[in-house]
Peer 1: 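I'd like to ask you about the structure that follows.
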Amino acid sequence: MKMMKNALLCALVRLIALFCVAGASAEGASWDVVVVGAGMSGCAAAIQAARMGVSVALVESTEWAGGQSTAAAVSTLDDMGRTRTGIYGEFIECVHREYARLGRNTNICLWGGDTIAFEPAVGRRIWMDLLREAGKVDCFFGYEIENATLVPQAGKNDKKRLVSVRARSVHGTRDFSGKIFIDATECGDLIPLAGARYRAGNGVSPRIDPEAAIQDITYVAVVRKFPPGASPLVAAETASDDAWMESFRAVVAKGGSTWPGQAPYDFASHNAYRAMPDPESPISPDIVQGDEPETWSAITKTAINWANDFRGVTARYLEDRAHRASVDRAAMRKTAAFIRYMQTALGEARWSVDESQGFANARIGADDPNARLFAHFPPIPYVRESRRLVGLRTLAARDIRRDPVLGRALKNFKDAVSLGEYQIDIHGSHADGDLEADLGEHASDFPKVWVGSEGVFQVPMACLIPESTDGLLAAEKNISVSRMVAGASRLHPVVTHTGQAAGALAATCARGGIDPRSCDARIVQDALVRAGQALSMRSFEDVPADKKTLLWANAQLAVLHEVLPPLGRTIWGADFPIRRREAEALVAWLFEKLPAGETKGNDAKYVNREAFGQIMARIGAPAGNFFAFSAFPTSHDLSVTRGEALRACMDRWRFLSGLSGREENFPLEDH
């Protein structure tokens, strides 16, 4: 029965994929936006762009949507709780609904009380549903990017524009032409083909040291506890097993301690780290709770993603495809060795690789002793560090340094398009010689103690845009950041948010016929906040973040751009009357013009609601360039509130910017 369910699930996903490409144009056709890579970032980019009314081609080398969350089986989200907004938040809601329907708890992983876990196959189906419902998204799975075509830009010196990419599948090659391209691959494979400079390890192209350190990869495997009488696959003993046994014993051992004790830990603690819901388990779904160790022995499905980090990976992994494949195979063998360790040394013979996820991995040939085991491994490993674009701005560790008391970064970026929260976490070497001295980063900057969260930080739009290549954007782990920041920006929430931002930027540029470096960040930010993605690092009691309203969206931008500062630490002041100086600053920010008349003194003067509306109507109209706040009466009863003034200004700005009437920009409640 279970195998039949699995077959039906795989067939359903294939049908959805076929539906996605049903509207695809003929060979060599063009789209507004071409997204290369269907990880969380690429999916979010495609969904956001399609919702904004443009056509999208989503090109992916595997048969899976979801990237690290599904195709790499890291389907226990590294989420600290404060960035569950936008498409990332939608995905989480879909996960909760799916398992509520199945009567299963998703709060069972990462030893915590507010976590999100799901099975890769379920996550894949949710991403496919979101893509199918987004609009015109043509999905092309099984296409590996091969090369790119660039053309010179007239009057732009040596600048070139990316106009098409070519990808190969088992069916042959196909060209994808577009206005804007997004590299959302796991290793940043489009960036070098597009001629953009990038970082790999601690070097900058074209001077990449192939032996420079990058973060460890992990070949995750989903494993489950089979019922009595079942015949789980047995990991074969191989000659390389002994090389890893000591490292396994140092992490998890029979009779080990319960997390958060001292290593080695017991098997139940290991399982609770990356635990997943198990719809096949007869155990009551309410027994397992992520923050209750006494329940962890009831876990029956988890992912191996701890003791099996594959170390010593270098920039050669990113630069040399053949070497990458060789390292992936070695990483798979290390994970198989852990399964053998689990089945023998730990005495857990009923635990083995889960055969219900629909994986069909053929990376290692049938002559390998663990070939049957590997067939149920995910199609790709968890890659923590990619090539990183050299963008208009490179985010460094000092830029995301946070004040734990305030709960946010010390630096505010007015062109922010994404939030992150994770601490800097580098798996592998972070010695001085492995970091980027040209960015002023040293081993002393690396956190000495793990802290779950010290608050949120921002990713600026400039980190998505290359220095010179036109028509290209970066997303996923490929954005312009240092190695240190990559340790914080590689996690599920951030890559999804940056993907959504790249999709909004790409759609804005495709519709307007402009290049990303010429795009007004406010237009992209408006699309994002109207889609429910938070950009400001602050939240307020009178503009609650859990209620995504039009007021919340407007206040996000006002606080982000430091136009209408909050009136208190937890109060923005939506219902307080706006003062003249605040109104002047608001109009100057949005319309880039200063009001006529007296600008000094009278700061206590309130702004009349009716007169303010008249001023808004005059902005942008013939002979409507001059206006004066000084003529406004001072009556408190007649004054416009900060929330009302912001709404009036934003409505007028959207109208003059051509954003009014576009349904995708106005999904929030109108209050």
Side-chain angles (χ1 to χ4, degrees), residues 17 20-21 31 33-50 56-74 87-88 91 120 123-124 127-128 130-131 134 137-148 162 164-169 174 176 178 180-194 196 198 200 217 317-318 321 324 328 378-389 418 464 466 471-480 486 489-492 494-503 505-506:
C20 283
V21 300
W31 290 261
V33 176
V34 177
V35 182
V36 182
M40 296 184 80
S41 192
C43 286
I47 292 164
Q48 177 66 31
V56 181
L58 181 60
V59 185
E60 164 60 32
S61 61
T62 72
E63 299 291 337
W64 282 67
Q68 67 186 45
S69 70
T70 60
V74 190
I87 291 171
Y88 178 72
F91 177 79
R124 178 194 197 187
W127 280 120
M128 292 302 299
L130 290 171
L131 287 165
V137 181
D138 297 332
C139 299
F140 297 87
F141 292 100
Y143 279 85
E144 186 82 43
I145 196 78
E146 272 192 340
N147 57 47
L162 178 60
S164 72
V165 297
R166 174 164 290 183
R168 179 179 297 276
S169 76
R174 182 176 187 125
F176 298 87
I180 303 291
F181 294 78
I182 300 173
D183 187 341
T185 62
E186 297 297 315
C187 293
D189 288 329
L190 176 58
I191 291 173
L193 297 177
Y198 61 91
I217 69 166
Y317 181 86
L318 303 174
R321 294 283 187 97
R324 188 188 305 177
D328 287 351
I380 60 172
Y382 178 24
V383 176
R384 293 181 175 86
E385 185 173 335
S386 171
R387 294 183 182 94
R388 292 160 285 124
L389 178 75
S418 169
L464 280 58
L472 174 68
L473 295 172
E476 247 304 321
K477 297 177 282 285
N478 313 326
I479 60 175
S480 184
S489 62
R490 63 179 170 82
L491 290 313
H492 305 88
V494 193
V495 298
T496 310
H497 290 318
T498 54
Q500 184 170 1
L505 176 55

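Side chains are part of it too, since the values below use all heavy atoms of this structure and drop only hydrogens, waters and symmetry mates. From a predicted model like this one, the values you see are computed outputs, not experimental measurements.
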Peer 1: According to side-chain hydrogen bond (donor to acceptor under 3.5 Å, both in side chains), who are the partners of S61, at least two apart in sequence or on a separate chain?
Peer 2: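 Residues passing side-chain hydrogen bond (donor to acceptor under 3.5 Å, both in side chains) with S61: none at all.
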
Peer 1: Apply side chain to side chain contact (heavy atoms under 4.5 Å, CB included) to P381 and list each qualifying residue two or more places apart in sequence or on a separate chain.
Peer 2: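 By the side chain to side chain contact (heavy atoms under 4.5 Å, CB included) rule, P381 matches I217, Y219, Y317, D328, R363, V383.
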
Peer 1: Could you grab the distance from atom CD1 of I191 to atom OG of S480, nearest 0.5 Å is fine?
Peer 2: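 Between atom CD1 of I191 and atom OG of S480 there are 9.0 Å.
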
Peer 1: Under the side-chain hydrogen bond (donor to acceptor under 3.5 Å, both in side chains) test, which residues partner E476, sequence neighbours left out?
Peer 2: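 E476 satisfies side-chain hydrogen bond (donor to acceptor under 3.5 Å, both in side chains) with no other residue.
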
Peer 1: If you take all heavy atoms of A475 and I182, which pair is closest and at what distance?
Peer 2: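 So the minimum-distance heavy-atom pair works out to CB-CG2, 3.8 Å.
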
Peer 1: Minimum heavy-atom separation for A200 to L318, with atom names?
Peer 2: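 It is CB-CD1, 4.1 Å.
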
Peer 1: How close do A65 and M128 get, heavy atom to heavy atom, and via which atoms?
Peer 2: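 A65 and M128 have their closest heavy atoms at CB-SD, 3.7 Å.
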
Peer 1: So, using salt bridge (Lys or Arg N to Asp or Glu O under 4.0 Å) as the criterion, who are the partners of R168 when residues are at least two apart?
Peer 2: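 Testing R168 for salt bridge (Lys or Arg N to Asp or Glu O under 4.0 Å), a comparison that skips the adjacent residues, returns E146.
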
Peer 1: Just wondering, do T185 and R387 contact through their side chains at under 4.5 Å, heavy atoms?
Peer 2: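 A side-chain contact under 4.5 Å is absent here.
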
Peer 1: Which heavy atom in V137 sits nearest to a heavy atom in A46, and how many Å separate them?
Peer 2: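 Taking V137 first and A46 second, the nearest heavy atoms are CG2-O, 3.9 Å.
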
Peer 1: What's the separation between atom OG in S41 and atom CD in Q68, rounded to the nearest 0.5 Å?
Peer 2: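 Going from the OG atom of S41 to the CD atom of Q68 covers 9.5 Å.
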
Peer 1: Which heavy atom of S386 sits nearest a heavy atom of G188, and at what distance?
Peer 2: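 Minimum heavy-atom contact is OG-N, 3.0 Å.
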
Peer 1: May I have the step-by-step check of side-chain contact (heavy atoms from CB on, under 4.5 Å) for I479 and L389, ending in yes or no?
Peer 2: CA-CA 5 Å; I479 60 175; L389 178 75; over 6 Å; no

Peer 1: Test of understanding: with side-chain hydrogen bond (donor to acceptor under 3.5 Å, both in side chains), list the residues that count as partners of Y143, not counting sequence neighbours.
Peer 2: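 Y143 satisfies side-chain hydrogen bond (donor to acceptor under 3.5 Å, both in side chains) with no other residue.
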
Peer 1: With side-chain contact (heavy atoms from CB on, under 4.5 Å) as the test, would you mind laying out the steps for T62 and I380 before giving the verdict?
Peer 2: CA-CA 8 Å; T62 72; I380 60 172; 3.7 Å; yes

Peer 1: Taking all heavy atoms of P378 and all of A73, pick out the closest pair and write down the distance.
Peer 2: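 Where P378 meets A73 most closely, the heavy atoms are CG-CB, 3.5 Å.
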
Peer 1: Whether K477 and E186 form a salt bridge (side-chain N of Lys/Arg under 4.0 Å from carboxylate O of Asp/Glu) is what I want to check.
Peer 2: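 Result for this pair is yes, salt bridge flagged.
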
Peer 1: What distance do N478 atom CG and L473 atom CG have between them, rounded to the nearest 0.5 Å?
Peer 2: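 With rounding to 0.5 Å, CG (N478) is 11.5 Å from CG (L473).
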
Peer 1: Describe, in one word, how the ring planes of F176 and F140 are oriented to each other, choosing from parallel (under 30°), tilted (30 to 60°) and perpendicular (over 60°).
Peer 2: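 Geometry flag for F140 against F176: perpendicular rings.
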
Peer 1: When you compare the side chain of L472 with that of L190, does any pair of heavy atoms fall below 4.5 Å?
Peer 2: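 Side-chain contact under 4.5 Å: yes.
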
Peer 1: Look up atom CE in M40 and atom CD in Q500, then write down how far apart they are to the nearest 0.5 Å.
Peer 2: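 CD of Q500 is found 11.5 Å from CE of M40.
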
Peer 1: From the options F91, F141, W64, select the one residue that forms a ring-ring contact (aromatic ring centres under 6.0 Å, His included) with W127.
Peer 2: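 Running ring-ring contact (aromatic ring centres under 6.0 Å, His included) over F91, F141, W64 with W127 returns exactly one hit, F91.
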
Peer 1: Would you please name every residue forming a side-chain hydrogen bond (donor to acceptor under 3.5 Å, both in side chains) with S418, sequence neighbours left out?
Peer 2: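 With neighbours one apart ignored, the set is empty.
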
Peer 1: Would L162 and L193 count as a side-chain contact (heavy atoms from CB on, under 4.5 Å) here? Give the steps.
Peer 2: CA-CA 10 Å; L162 178 60; L193 297 177; over 6 Å; no

Peer 1: Quick check: does any side chain N or O of R174 sit under 3.5 Å from a backbone N or O of S169, one acting as donor and the other as acceptor?
Peer 2: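 Not at all, since once roles are kept as given, no pair shorter than 3.5 Å links the two residues.
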
Peer 1: For A38, does its backbone N or O pair with a side-chain atom of E60 as donor and acceptor, under 3.5 Å?
Peer 2: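 Yes, E60 side chain to A38 backbone: donor-acceptor pair under 3.5 Å.
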
Peer 1: Using the rule given for side-chain contact (heavy atoms from CB on, under 4.5 Å), can you reason through R490 versus E385, listing the C-alpha separation, both sets of side-chain angles and the distance that settles it, and then say yes or no?
Peer 2: CA-CA 7 Å; R490 63 179 170 82; E385 185 173 335; over 6 Å; no

